[in-house]
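In this chain, numbering begins with 1 at the start of the sequence shown. Every value quoted in this text rests on a predicted model; they were computed, and no experiment measured them. Atoms within a ligand are numbered from 1 in the order they appear, just like the ligands themselves.
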Amino acid sequence: MKVLIFKSPEDATEAVAASLIGQVLDKPDASLGFATGGTAEPVYDLMVSAFEKGKVSFRKVRAFNLDEYIGLTPDHPMSYRCYMRRHLFDRTDFQPENTHIPKGDAQDPAVEAVRYEEEIDRSGGIDCQLLGIGENGHIGFNEPTSSLSSRTRVKTLARGTVEANSRFFDRIEDVPRLCITMGIATILGSRKCLLLATGKRKAGAVAKMIEGPLAAICPASALQMHSNAVICLDEAAAGELNLRAYYLDVHPDGKVAAL
Ligand code: GLP
């Protein structure tokens with residue numbers, strides 16, 4: 001695990017966006033895994049801005065999102081399909097046929113989950129998976145006690161996740177309880193995992209992910225098993241790390257030759 005601690009959330013976000021853009025410059029048809037949530041939004045803003053300045057094109061990039069709510073149609077404003085269109089896809093030259101997100105309105109979500117996993121496999125796998133982390137340590141929607149060898153499947157959201165995500169909905173009752181999410185083994189199958197966490201709210205989960213035992217109670221701790229996982233943090237999210245001084249010693253201010 002490469003643990004990079006940046007002075008500000010903006011610096012951490014910029015490093016993550018630069019890394020994703022760098023992947024595309026190196027490999028124009030790269031396969032990128034995307035995350036939703038508040039933390040990812042400024043990353044997408046920076047990708048849009050690079051596109052607008054003519055620095056990068058996403059025309060050949062293949063996109064695979066981590067998860068989707070069950071019961072929302074793709075055009076529902078709170079669906080993750082709509083989120084991705086609003087924040088990234090419709091503001092750049094991503095080709096709709098290259099953007100993949102589980103179908104939350106599929107007739108049989110369990111079948112859809114298997115189809116999605118196969119779609120990732122058939123495409124040759126994900127080059128770089130962007131991740132956020134839930135306050136309870138979830139990645140994607142793999143809630144605590146998710147199997148560390150899970151594949152894409154239907155999951156029930158934890159109460160805390162429903163509460164945390166209710167800020168995006170009019171009423172908490174509107175937040176779906178079920179989702180389709182890539183599994184932990186699916187995520188670990190990506191050639192690179194790039195996790196961004198900012199703010200004090202995430203400090204406890206971040207400490208468990210990096211320094212806690214590998215355990216299903218903290219799904220993000222599974223990244224300890226990945227040979228190319230880069231964790232980008234701001235000072236606040238790094239606030240509960242015991243070995244903070246060591247990480248800063250290795251990569252002062254989060255600096256590293258290439259992420
Ligand atoms: C959501 C998403 C995750 C995301 C996480 C953190 O529920 N399923 O992919 O990383 O929770 O979200 P935020 O960045 O809004 O804190």
Side-chain angles (χ1 to χ4, degrees), residues 9-10 12-13 16-17 20 32-47 63-72 76-84 86-88 100-102 104 109 113 116 120 126 128-144 146 150 152-169 172 174-184 186-188 190 193-206 208-210 218-223 229-234 236-239:
E10 291 78 16
T13 304
V16 166
L20 291 169
L32 299 183
F34 289 125
T36 51
T39 314
E41 286 176 25
V43 174
Y44 299 142
D45 286 342
L46 292 170
M47 291 170 73
F64 287 92
N65 263 77
L66 282 167
D67 44 23
E68 179 60 283
Y69 291 116
I70 289 180
L72 302 188
H76 187 287
M78 287 307 121
S79 72
Y80 284 162
R81 162 65 71 182
C82 226
Y83 169 106
M84 289 307 296
R86 197 162 57 240
H87 292 289
L88 186 65
H100 307 277
I101 300 180
Y116 192 67
I120 296 170
I126 292 170
C128 180
Q129 175 67 55
L130 173 64
L131 295 165
I133 184 170
E135 286 172 55
N136 62 4
H138 75 219
I139 46 175
F141 269 139
N142 293 283
E143 300 286 25
S146 286
S150 51
T152 306
R153 70 214 181 290
V154 172
K155 281 293 288 181
T156 303
L157 301 190
R159 187 74 211 165
T161 302
V162 170
E163 280 163 14
N165 288 3
S166 65
R167 70 191 194 279
F168 299 113
F169 289 79
I172 192 163
D174 296 338
V175 185
R177 286 343 193 223
L178 296 175
C179 66
I180 297 174
T181 180
M182 280 188 203
I184 296 177
T186 319
I187 293 169
L188 293 181
S190 306
C193 287
L194 189 54
L195 186 144
L196 174 64
T198 55
K200 199 169 179 283
R201 260 184 337 116
K202 301 291 173 73
V206 163
K208 286 196 184 108
M209 162 177 68
I210 297 172
C218 178
S221 69
L223 294 174
V230 181
I231 314 296
C232 294
L233 307 170
D234 68 346

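Given atom 8 (N) of ligand 1, the protein heavy atom at minimum distance is D67 OD2, 3.0 Å. For atom 1 (C) of ligand 1, the nearest protein heavy atom (residue, atom name, distance) is H138 NE2, 3.7 Å. For atom 3 (C) of ligand 1, the closest non-hydrogen atom of the protein is G140 O, 3.6 Å. Looking from atom 6 (C) of ligand 1 to the surrounding protein, the closest heavy atom is I133 O, 3.5 Å. Among all protein heavy atoms, the one lying closest to atom 14 (O) of ligand 1 is T39 OG1, 2.4 Å. Given atom 4 (C) of ligand 1, the protein heavy atom at minimum distance is T36 O, 3.6 Å.
Note: no N/O pair closer than 3.5 Å links A35 and ligand 1 by distance alone. In terms of N/O distances under 3.5 Å, ligand 1 is not approached by L131. Below 3.5 Å of separation, one finds an N or O of K202 facing an N or O of ligand 1.
When atom types are taken as modelled, the side chain of Q129 and the backbone of S190 share no donor-acceptor pair closer than 3.5 angstrom. Formation of a donor-acceptor pair under 3.5 Å by the Y44 side chain with backbone atoms of M84 is not found in this model. The closest donor-acceptor contact from the side chain of N142 to the backbone of M182 lies under 3.5 Å. In terms of modelled atom types and a separation under 3.5 Å, the side chain of S150 and the main chain of I184 share a donor-acceptor contact. Under the 3.5 Å distance criterion, the side-chain polar atoms of E68 are left unmatched by any main-chain donor or acceptor of I180. When atom types are taken as modelled, the side chain of D234 and the backbone of E10 share no donor-acceptor pair closer than 3.5 angstrom.
In this structure, C128 and L20 approach most closely via the heavy-atom pair SG-CD2, 3.9 Å.
Counting heavy atoms closer than 4.0 Å to ligand 1, residue E41 contributes nothing at all. Here N165 has side-chain heavy atoms under 4.0 Å from ligand 1, and that is the only part of it that gets that close.
Atoms of ligand 1 found under 4.0 Å from any heavy atom of R201, numbered from 1 in the order shown, are 16 (O). Within ligand 1, counting atoms from 1 as listed, the ones closer than 4.0 Å to a heavy atom of G38 are 13 (P), 14 (O), 15 (O).
Counted by atom type alone, Y69 and N165 present one or more donor-acceptor pairs between their side chains at under 3.5 Å.
Distances from atom 10 (O) of ligand 1 to the heavy atoms of G134, G132, A197, G37 show the closest one on G132.
Contact annotation: M182 has no heavy atom less than 4.0 Å from any atom of ligand 1.
In this structure, the side chains of I231 and I133 stay at 4.5 Å or more apart for every pair of heavy atoms.
Just one of N136, T181, T156 meets the side chain to side chain donor-acceptor pair (under 3.5 Å) condition when paired with E143; it is N136.
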